[in-house]
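Here the structure is a predicted model, which means the values were calculated and not measured. In the text below, chain A, chain B and the rest are named by the order of the sequence lines, each starting its count at 1.
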There are 2 protein chains.
Amino acid sequence: MNKKLECCDSNVIHEEIINQVKDKMPKEEILYDLAELFKVFGDSTRIKILWALDASEMCVCDIAALLNMSQSAISHQLRVLKQAKLVKNRKEGKVVYYSLDDDHVRQIFDQGLAHIYEGW
Amino acid sequence: MNKKLECCDSNVIHEEIINQVKDKMPKEEILYDLAELFKVFGDSTRIKILWALDASEMCVCDIAALLNMSQSAISHQLRVLKQAKLVKNRKEGKVVYYSLDDDHVRQIFDQGLAHIYEGW
DNA sequence: TGAACATATGAACAGTTATTCATATATAGA
DNA sequence: TCTATATATGAATAACTGTTCATATGTTCA
């Protein structure tokens, strides 16, 4: 019950494949960043915001009204989206307008939708 | 301080835009499913598993060895990936081999990477 | 300057999630 | 049948996350 610290109790089964795959894997850091990016997409509030901004530039209050959520909640999420460099903003007096800051968002959404609709 | 239940304290600023965007938004349910899908991508362990399986079919023990993680942790995550219809498996004796079950994974990854690398 | 308002932000809380641990299931071989 | 082994799974825990609430910041206008 304490024979190997490696993986499961047994030895590796297919050592060649493991080494082969290991060579093809991107650097740990890249994969981490990729997961962090998708984590940002993994919330329906943020998905809605991105979708809305893909249709039109909007101010915080408008987004809150559109999604029927508090101004604070939206503001917090916009900060997350901005840190991920997915949205940008411009200020006009008191009002802050947000818009998409990425060309890939739409394509990522489309691929995601393609998966969801697949086989139905 | 209690004038409107809507969004923030004020009235909606750009009502036309809101209605216009509202019409363009996909159904609530679709956006929820989309977020659920990306949530699955939003974990570096699962990202690594998917990347590995994109390179080669592998059994549970091999994946655990490759990622230097416990068999149990990998098995739990494979279940999540299978529920999301991102991987499939086949049994050969005691050994269960997992492989990708989706054509979009690679493209979603590529778009994600494109975003990460953008502007550097 | 002061009131009104749009937005941002910190703390707190509830809900979620990834891993570990122990154990169950299933299969192969003796 | 008994043992070894590959995988699955339920419970528990620690860490993380989204929203709310209260409040701060910054801008306009009177």
For residues 93-108 of chain B, tabulate all N or O donor-acceptor pairs below 3.5 Å that involve a side-chain atom, not counting sequence neighbours.
unit_1, atom_1, unit_2, atom_2, d
Tyr97(B), OH, His14(A), NE2, 3.2
Tyr98(B), OH, Asn89(B), ND2, 3.3
Asp102(B), OD1, His104(B), N, 2.4
Asp102(B), OD1, His104(B), ND1, 3.1
Asp102(B), OD1, Val105(B), N, 3.2
Asp102(B), OD2, His115(A), ND1, 2.2
Asp102(B), OD2, His104(B), ND1, 3.4
Arg106(B), NE, Asp54(B), OD2, 2.8
Arg106(B), NH2, Asp54(B), OD2, 2.4
Gln107(B), OE1, Gln111(A), NE2, 3.3

Exercise for the section: Evaluate the side-chain contact (heavy atoms from CB on, under 4.5 Å) criterion for residues Lys82(B) and Leu78(B): first the C-alpha distance (whole Å), next the side-chain angles of each, then the deciding distance (0.1 Å), finally the verdict. Expected result: CA-CA 6 Å; Lys82(B) 195 178 178 192; Leu78(B) 284 169; over 6 Å; no

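For Gln20(B), the side-chain hydrogen bond (donor to acceptor under 3.5 Å, both in side chains) criterion is met by no residue, not counting sequence neighbours. With sequence neighbours left out, the side-chain hydrogen bond (donor to acceptor under 3.5 Å, both in side chains) criterion links Glu92(B) to Arg90(B). With sequence neighbours left out, Phe38(B) forms a ring-ring contact (aromatic ring centres under 6.0 Å, His included) with Phe41(A). Checked against side-chain contact (heavy atoms from CB on, under 4.5 Å), Ser75(B) has the following partners two or more places apart in sequence or in another chain: Gln71(B). Every residue meeting the salt bridge (Lys or Arg N to Asp or Glu O under 4.0 Å) condition with Glu28(B), not counting sequence neighbours, appears here in chain and number order: Lys48(A).
Per the geometry, CZ belonging to Phe38(A) stands 18 Å off P belonging to dT17(C), to the nearest Å. Here the P atom of nucleotide dT5(D) and the NE2 atom of His14(A) are 16 Å apart, to the nearest Å. For the pair Ile63(B) CD1 and dT7(D) P, the interatomic distance rounds to 9 Å; values are reported in whole Å.
Every pair passing ring-ring contact (aromatic ring centres under 6.0 Å, His included) that includes a residue from residues 50-77 of chain A is listed here, sequence neighbours excluded: Trp51(A)-Phe109(A).
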Problem - Contact state string [nucleotides 9-20 of chain D, B base, S sugar-phosphate only, - no protein heavy atom under 4.0 Å] - result: BB------SSSB

Completion exercise
Expected string for nucleotides 24-29 of chain D under the B/S/- scheme (protein heavy atoms, under 4.0 Å, primed atoms plus P, OP1, OP2 as sugar-phosphate) is --BBS-

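Side-chain nitrogen and oxygen atoms of Tyr98(A) include none within less than 4.0 Å of the OP1 or OP2 phosphate oxygen of dA6(C).
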